[in-house]
Structures are given as structure tokens and as C-alpha cells.
Amino acid sequence: MNFIKWVVSSLRTKFLIMFLFLTIFPLILVGMVSYMKSYNIIAQKSYSLGQIQVAQVRREFDDVIHDIKRFTEIGKKESTVEFLIDKQNTAEESKSILGIIKLYRESYQYSGSIMNIKIIGLDGKAVSEDRGVHQLDREALTEPPFVKLLDQPAKTLIEPIYKNSNPALSMTSTIVSDQSNEVIGFINIVIKATVFKNILQDTSQKTSSTTQIETETGKILFLHPHLTKTLSISDKKTIEENKSGYFTQGETFFVFDTSDLTDWKFIRYTPISVISKEANEIRSLIVLTVGSIVILSIVLYFFITSRLILPLRTLKEKMKQVSQGDLDVHLDNMGRDEIADLGENFNSMIMKIKALLTKSVNEQKQLKIAELRTMQAQINPHFLYNSLETIIWMAEAKKSQHVIEITKALSHFFRISLSKGKDLITLEDEIDHIKNYLTIQKMRYQDILDITFHLNEDILKHEIIKLTLQPLVENAIYHGIKNKRGKGFVRIKGDFTPEGYICIDVIDNGIGIKDEKLKDIRFQLSQGVPFGKDQGGFGMVNVHQRIFLYYGEPFGLTINSWYGSGTRVSLIIPAERGY
């Protein structure tokens with residue numbers, strides 16, 4: 001029966017997932033296609049509208065230029081020609097020219113945009129609205145506009161200038177004699193820039209776009225710094241080589257057109273975000289619709305799975321954690337069905353396993369401590385026997401002072417060994433314990449043994465398990481220095497590690513250990529099994545196991561040795577301060 005329920009639940013889950021795939025994915029696909037289609041339509045409409053708008057700006061500029069260009073006809077009037085040809089009697093001609101200018105101003109729409117009109121002869125003689133008849137410096141006629149027009153008399157030059165500190169445009173044309181077809185002078189018209197800026201400003205306000213104008217020489221009228229930095233070399237080349245068109249660069253859309261009247265380039269740019277605003281609104285609607293359906297489907301899925309699948313999945317995850325060694329897991333049951341009963345049984349089973357494991361660990365721990373204390377008791381009588389033998393030998397040799405010294409050291413040695421039954425003592429007491437031990441040993445090996453200490457005094461107040469260092473020093477003497485000819489030394493160093501632990505090194509220059517035996521010692525340290533007293537390493541394994549039992553990883557012993565040179569045994573313990 002339970003198997004049938006499980007099969008039914010699995011099938012329902014599979015059908016639900018299939019339903020999600022068959023509904024969500026098609027909706028997303030339809031939404032993407034709809035967005036792309038609408039975006040293309042809106043973008044094409046924006047492109048066409050942009051071309052129309054930039055063409056409209058170009059036409060408005062052309063209307064202004066065309067209207068003002070009619071003033072160049074003043075140069076063909078008889079009074080103007082006589083003024084330029086006649087070298088002396090110029091007063092009447094100049095009055096006639098100013099009268100014609102006034103007449104033209106009253107006749108044309110954009111005459112109010114003209115700041116000044118000037119007639120200039122090749123000899124520098126000039127007449128203008130603002131100065132009347134006057135004489136120009138001949139060097140003024142060597143400036144680029146006049147020189148260029150002498151080579152191209154049919155051309156009209158329009159360039160940006162400043163008139164009385166105000167931006168303006170200078171329109172210059174040649175005056176040609178009908179009789180000789182030679183240039184006899186120039187007409188210069190200064191146009192206010194405001195008439196063009198107003199056109200650009202109105203366009204920007206209506207379309208949220210910016211328009212820039214470049215003359216046929218590449219000079220920029222009404223400079224827009226942002227736009228000039230945006231255009232790349234390839235984009236500028238595209239604009240120069242084509243009369244009109246559009247392109248997109250980065251987040252900006254460009255439309256350009258060229259005036260047949262002035263050869264000016266009208267460049268209009270609009271942020272892509274403005275063009276795609278409508279498409280983004282459609283996209284948002286599509287995303288909102290699809291997202292709502294997806295969320296509704298997911299909520300439905302979790303509602304069903306929470307009732308059918310989630311309890312089993314949770315139980316599976318808890319069992320996986322237990323299999324990895326985590327016995328602190330607990331399953332919270334939220335129902336009254338068979339799965340809830342299974343969860344209760346699972347919790348009960350974990351509690352029983354933890355109780356049995358804790359009992360087993362405590363028993364093993366106590367057993368291990370008892371074994372280590374037994375090992376410690378086995379070591380002490382052996383040392384006492386050797387020490388008493390040394391005292392007897394010295395007494396027989398009538399070395400009373402040495403007898404007193406070694407007996408005093410032995411007394412202090414066992415006082416610290418007992419330590420009122422405490423397992424932890426300060427490093428200072430442990431070092432004193434070693435010094436007493438070495439005092440006794442130096443009596444026996446005074447000709448071959450040299451002992452030095454290099455300790456950071458800050459570590460001396462920290463705690464250590466008692467009788468930890470003495471077995472290491474004993475190994476250095478009995479298995480290192482004793483087996484080597486010549487005088488040996490033992491260096492005991494202690495300091496903090498970069499991790500904040502305490503490291504104590506016992507270094508000797510004894511015979512060292514061969515590589516094969518060193519591998520065996522390291523293996524036995526990792527396994528916690530001593531070699532036996534006849535092989536050495538008995539006390540070292542004992543020390544390592546005591547440290548590991550009290551502190552756990554990464555504390556204990558590490559050993560490095562170089563055969564024929566010596567051995568270094570390093571003890572790592574936590575920096576726990578004694579009180």
C-alpha cells in the first residue's frame with residue numbers, strides 16, 4: 001500500500017513538472033517574440049520620425065539662409081558697382097547703397113536677424129551699416145575667406161564668428177563686374193546666431209533630442225560637447241560620405257541630413273532609451289504577465305510538494321547528515337500521517353545512538369587515561385632507579401656536594417611530578433621539572449652533554465599537561481646523543497606560533513634517525529601505538545596521545561630528523577593561561 005502511494009506521488013510530481021515546462025516556456029518564448037517584434041516596429045517608426053525631424057530642421061535653416069542670401073543681390077546694383085570702381089566720388093554711391101540695404105531689410109522676413117552688411121572693395125574701401133564709408137587695412141583682405149573666394153568666385157562662404165562678443169555667422173560672397181567678369185569686391189553679411197539657436201532649442205524641447213550642425217569645412221556650429229565626443233572616426237566618415245542616413249552607436253541613435261544650399265551636415269542624436277520607451281513598456285507588461293504566471297505555478301508546485309514530497313525529501317537530507325557523522329540533527333514533524341510517524345522513530349533512533357556513542361566515548365576516554373597513567377608510572381621507577389644508582393656512585397666517590405645537588409634536584413623533580421594530583425601545570429613548572437631532570441642527567445653525562453634554553457618568557461604562565469617535555473628530552477639523550485661520539489647538545493626553544501599557539505622544540509645533535517625508521521615513527525604517532533621500550537619512542541607516543549586526548553587536532557608532536565646530524569621534535573599546544 002505504501003509503495004503504491006509512493007508511485008502515485010512520484011507520477012504527480014512528474015506531471016506537475018511537465019505542466020510547468022509546457023506552460024512557462026511557451027509563455028516566455030511568446031513574450032520574447034512579441035517584445036522583439038514590437039521593438040522593431042517602434043524602432044523603425046522612430047528612425048523614420050527622426051529623419052523627418054532632422055530634415056525639417058535642415059529646411060528651416062535653409063529658409064533662413066536662402067532669405068538672407070538674397071541680400072547678396074545688393075552687390076550687383078549699379079550704385080554698388082560704381083562705388084567699387086570709382087576711386088574718388090563715393091559719397092553718393094554709399095548713400096545709395098545704404099538706402100538699398102534699408103529697402104531690402106523692409107522687404108524680407110529674416111532681415112531682423114542680420115547684424116550688419118558690408119561692401120568691400122579690393123583696395124580696402126568699404127561701406128557698412130555700422131561704420132558708413134571707411135577704409136580697411138589691406139592685410140584684412142589677405143584673410144582666408146577673401147583669398148578663397150578669389151579662387152572660387154561663385155561660392156558663398158558661411159563661417160562662425162564673434163561680433164561684439166556675441167556668436168554670429170559671417171556670410172561672404174564676391175561681387176563680379178558684368179563687363180569684365182572679374183571680382184571687384186565682396187559683400188559680407190553678419191547673421192545673429194540666435195535665430196538658428198532658437199530653431200534648435202524648439203526642436204530639442206519638442207523631440208527630446210539634440211541637433212548639431214557642421215559646415216562644409218568641418219567646423220561645428222553651436223557646439224555640443226557631448227556629441228562631438230560621442231562620434232567615432234568611422235561614424236564621422238559615414239556622415240561625410242553620405243548625404244543622409246542613420247546609425248546607432250552605443251546607447252545613442254544618430255540621424256543626419258545634408259543641406260543642398262549650404263552643404264552643412266545636420267546631425268541629430270537621441271538616447272536609445274527614449275526610442276525604446278514604448279517597447280520597454282510592452283516588455284514590462286509581458287514580463288509582468290509571464291512572471292505572474294510563473295510565480296503562481298511555482299506557488300502551486302510548492303504547495304503540492306509541501307504536502308507530498310517535502311517531508312520525504314527532508315527525511316532524506318537528515319539521514320544524509322547522520323551518515324556524514326552529524327548526530328545533532330532533529331526532524332520537525334508537521335503532520336499525523338505515516339511519514340510523521342517515521343520521523344518520530346528517526347528522532348528516537350538518533351537519540352539512542354547519541355546516548356550509546358557518548359557512553360562508549362567516555363568509557364574509552366577513561367580507559368585511555370588509565371593506560372597513559374600506567375605508562376607514566378612505569379617510566380618514573382625506571383628513572384628513580386638510575387638516579388639512586390648515580391647517588392650511590394657519587395657517595396662512594398665521596399662527592400658530597402654533588403650528592404646534595406642531585407638529591408635536591410631529585411626531590412624537586414618528584415614534587416613537580418606529583419603536583420598535588422593536578423594534570424595541568426604552568427610551563428614555568430614544567431621547565432623547572434626538565435631542569436631538575438637535566439641536573440641529574442648531567443651528573444651522569446657531564447663530559448658529553450650541553451643543555452641550553454631559549455624561551456619566550458610570555459609563554460611561561462600558560463598551562464601544559466605535566467610530564468610532557470621530560471620524555472622528549474629523555475629521548476634526545478638516550479636515543480640521540482648517547483649513540484653519537486663526541487659532545488652533544490640539547491636545545492629547548494619555546495615561543496608563540498603565527499596562529500597563536502605555543503610551540504616548544506627539543507633539538508639535539510645526536511645520531512639522528514634513518515628515513516625508513518622516521519617514516520615508521522611518524523606512522524606510529526598517527527596511530528597512537530608505541531614501538532616498545534626496546535625500540536624507543538615509547539614516551540614520545542605517550543606524550544602525543546596525552547596531548548591529542550586533551551586538546552584534539554591540530555595539537556601534538558611532529559618530528560624531523562637528519563641521520564648523522566640530529567633530530568627536532570616539536571610540541572604544539574594551545575595557549576591556555578594558568579590561574
Side-chain angles (χ1 to χ4, degrees), residues 368-369 372-373 375-376 379-380 383 413 416-417 419 422-438 441 451-481 488-510 512-513 518 520-531 536-562 566-578:
K368 195 67 177 180
I369 292 174
L372 293 174
R373 291 184 182 274
M375 291 180 186
Q376 178 182 334
I379 295 173
N380 290 337
F383 173 70
F413 177 84
I416 295 176
S417 296
S419 299
K422 296 188 295 183
D423 288 327
L424 296 174
I425 62 175
T426 64
L427 265 168
E428 185 175 14
D429 290 340
E430 183 71 7
I431 296 299
D432 288 340
H433 182 70
I434 296 174
K435 289 179 178 178
N436 291 321
Y437 171 77
L438 291 173
Q441 294 292 22
I451 309 294
T452 59
F453 290 85
H454 304 277
L455 301 171
N456 183 344
E457 294 185 358
D458 292 338
I459 70 172
L460 297 180
K461 298 302 180 182
H462 290 76
E463 289 183 335
I464 189 172
I465 301 174
K466 69 180 180 181
L467 305 182
T468 299
L469 297 178
Q470 181 268 333
L472 306 183
V473 177
E474 182 178 352
N475 273 354
I477 295 173
Y478 280 94
H479 302 292
I481 294 173
F489 70 80
V490 176
R491 301 283 184 266
I492 300 173
K493 299 172 62 178
D495 205 344
F496 292 103
T497 68
E499 296 80 9
Y501 306 141
I502 294 176
C503 178
I504 301 175
D505 295 323
V506 178
I507 307 167
D508 67 74
N509 68 335
I513 305 172
L518 183 62
D520 292 339
I521 291 175
R522 287 172 174 168
F523 176 76
Q524 294 298 330
L525 283 175
S526 65
Q527 298 300 312
V529 180
F531 302 102
F538 181 83
M540 189 162 59
V541 174
N542 180 28
V543 169
H544 180 73
Q545 287 300 303
R546 291 172 68 203
I547 294 295
F548 186 79
L549 181 63
Y550 270 86
Y551 301 119
E553 293 183 353
F555 307 107
L557 295 180
T558 57
I559 181 170
N560 292 286
S561 185
W562 303 267
T567 303
R568 176 195 292 263
V569 178
S570 299
L571 172 66
I572 304 292
I573 60 172
E576 296 180 353
R577 198 167 182 85

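In this chain, residues are counted from 1 in sequence order.
Residue H479 holds its NE2 atom at 11.0 Å from CG of D508, rounded to the nearest 0.5 Å. In this structure, CG in L427 is found 5.0 Å from CD1 in I573, a value given to the nearest 0.5 Å. Note that CZ of F496 and OH of Y501 are 13.5 Å apart. Values are rounded to the nearest 0.5 Å. A distance of 6.5 Å separates CD1 in I451 from CD1 in I492, rounded to the nearest 0.5 Å. For the atom pair I464 CD1 and T426 OG1, the distance stands at 10.0 Å (nearest 0.5 Å). Note that the CD1 atom of I559 and the CD1 atom of I521 stand 4.5 Å from one another [nearest 0.5 Å].
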request  = Kindly indicate, with the supporting measurements, whether the criterion side chain to side chain contact (heavy atoms under 4.5 Å, CB included) is fulfilled by V569 and N475.
outcome  = CA-CA 10 Å; V569 178; N475 273 354; over 6 Å; no

request  = Check step by step if side chain to side chain contact (heavy atoms under 4.5 Å, CB included) holds for L424 and I465.
outcome  = CA-CA 5 Å; L424 296 174; I465 301 174; 3.7 Å; yes

request  = In sequence, state the C-alpha distance, the side-chain angles, and the governing distance for I572 and Y551, and then conclude on side chain to side chain contact (heavy atoms under 4.5 Å, CB included).
outcome  = CA-CA 10 Å; I572 304 292; Y551 301 119; over 6 Å; no

inquiry  = Pair R522, N560 - check side chain to side chain contact (heavy atoms under 4.5 Å, CB included), show working.
reply    = CA-CA 9 Å; R522 287 172 174 168; N560 292 286; 3.0 Å; yes

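For the pair L557 and L472, the minimum side-chain heavy-atom distance is below 4.5 Å. At a threshold of 4.5 Å between non-hydrogen side-chain atoms, the residues F489 and T452 do not count as touching.
Here the shortest heavy-atom pairing between I502 and P574 reads CD1-O, 4.4 Å. Contact detail for G512 and T567: the closest heavy-atom pair is CA-OG1, 3.6 Å. Smallest separation of non-hydrogen atoms from I434 and F453: CG2-CZ, 4.2 Å.
In terms of modelled atom types and a separation under 3.5 Å, the side chain of S561 and the main chain of G566 share a donor-acceptor contact. Within the 3.5 Å criterion, the main-chain N or O of L469 finds a donor-acceptor partner in the side chain of E430.
If you check the side chains of T497 and E499, you find a donor sitting under 3.5 Å from an acceptor.
Partner of D505 under the side chain to side chain donor-acceptor pair (under 3.5 Å) criterion, out of H454, R491, R568: R568 alone. L460 pairs in a side-chain contact (heavy atoms from CB on, under 4.5 Å) with only one of the listed residues (L455, D429, D432), which is L455.
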